Amino acid sequence: MTDGTNHLTVDPATSDSPAHNVCQTQAEYFEICLPNDANLLGNMLGGHVMHLVDLCGAIAGMRHARCTVVTASIDQMTFLHPVRVGDLVMLKSQVNRVFRTSMEVGVKVWVENLKTGETRHR
């Protein structure tokens with residue numbers, strides 16, 4: 001998967017957070033692909049990957065806004081390689097840009113084969 005950008009919206013009435021730098025908004029999320037997350041070919045369902053991207057992006061957005069955020073849109077998501085059962089999915093997110101009532105959050109996804117140690121960027 002290539003870099004994704006989530007557009008999250010914030011209610012300015014409930015958020016009176018001070019300015020943050022990028023390091024303060026960074027989030028990491030890890031999950032092992034289990035059989036329940038996979039299709040009949042043993043690959044993680046694309047919708048589940050999208051769900052993980054949304055969760056990791058929301059964590060970064062909430063760290064910045066210090067209130068509930070929702071995903072308004074996603075610019076792009078490309079699936080380059082399958083995630084196999086037993087692989088570790090690693091997601092990293094951060095707030096890239098902030099506006100008055102919205103923000104842009106970038107999410108990157110890597111997959112590690114825990115048996116070989118090979119890591120690939122999705």
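Just so you know, residue 1 is the first one in the sequence shown, and it goes up from there. From a predicted model like this one, the values you see are computed outputs, not experimental measurements.
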- Item | From CA spacing to verdict: side-chain contact (heavy atoms from CB on, under 4.5 Å), Leu52, Met44 | CA-CA 11 Å; Leu52 297 176; Met44 183 178 275; 4.2 Å; yes

- Message: Restricting to non-hydrogen atoms, name the atom on Gly86 and the atom on Leu114 that form the minimum distance, rounded to 0.1 Å.
- Response: O-CD1, 3.7 Å

- Message: Let's go through Lys92 and Gln26 carefully: what are the C-alpha distance in whole Å and the side-chain angles of both, what is the deciding distance for side-chain contact (heavy atoms from CB on, under 4.5 Å) to 0.1 Å, and is it a yes or a no?
- Response: CA-CA 7 Å; Lys92 295 184 182 184; Gln26 291 176 339; over 6 Å; no

- If every non-hydrogen atom of Ala65 is compared with every non-hydrogen atom of Met103, which pair is closest and at what distance? CB-CE, 3.9 Å

- Output, in order, the C-alpha distance, side-chain angles, deciding distance and verdict of side-chain contact (heavy atoms from CB on, under 4.5 Å) for Leu34 and Val85. CA-CA 5 Å; Leu34 299 173; Val85 170; 5.9 Å; no

- Where is the tightest heavy-atom contact between Arg120 and Asp87, given as atom of each residue plus distance? NH2-OD2, 4.3 Å

- Item | Nearest heavy-atom neighbours spanning Ala27 and Arg63 | CA-NH1, 3.6 Å

- Item | Where Tyr29 and Cys56 come nearest, the two heavy atoms and their spacing | CB-SG, 3.9 Å

- Query: Is there a side-chain contact between Glu112 and Glu118, using heavy atoms and a 4.5 Å cut-off?
  - Reply: no

- Output the distance between atom CG (Asp54) and atom OG1 (Thr71), rounded to the nearest 0.5 Å. 3.5 Å

- Query: How long is the gap from SG on Cys33 to CG on Leu88, to the nearest 0.5 Å?
  - Reply: 10.5 Å

- Task: Taking the side chain as every heavy atom from C-beta outward, state whether Val49 and Val89 have any pair of such atoms under 4.5 Å apart.
- Result: no

- From CA spacing to verdict: side-chain contact (heavy atoms from CB on, under 4.5 Å), His48, Glu31: CA-CA 11 Å; His48 191 68; Glu31 185 169 311; 2.7 Å; yes

- Identify the heavy atoms of Thr25 and Val95 that sit nearest to each other, and give their distance. OG1-N, 3.2 Å

- Message: Hydrophobic clustering (ILVMFWY, side-chain heavy atoms < 4.5 Å, transitive) - are Met50 and Ile59 grouped together?
- Response: yes

- Among the clusters formed by ILVMFWY side chains lying less than 4.5 Å apart, do Ile32 and Trp110 turn up in the same one? yes

- Message: Looking at Asn43, is its backbone amide N or carbonyl O close enough to the side chain of Asn39 to form a donor-acceptor pair, meaning the two atoms are under 3.5 Å apart?
- Response: yes

- Item | In one Ile/Leu/Val/Met/Phe/Trp/Tyr side-chain cluster, 4.5 Å: Val83, Leu41 | no

- Please examine the side chains of Val109 and His121, heavy atoms only from C-beta on, and report whether any two atoms are closer than 4.5 Å. no

- Task: Please round to the nearest 0.5 Å and tell me the distance separating atom CE of Met62 and atom OG1 of Thr68.
- Result: 4.5 Å

- Message: Could you tell me if Gln24 and His64 have a donor-acceptor pair between their side chains, going purely by distance under 3.5 Å?
- Response: no

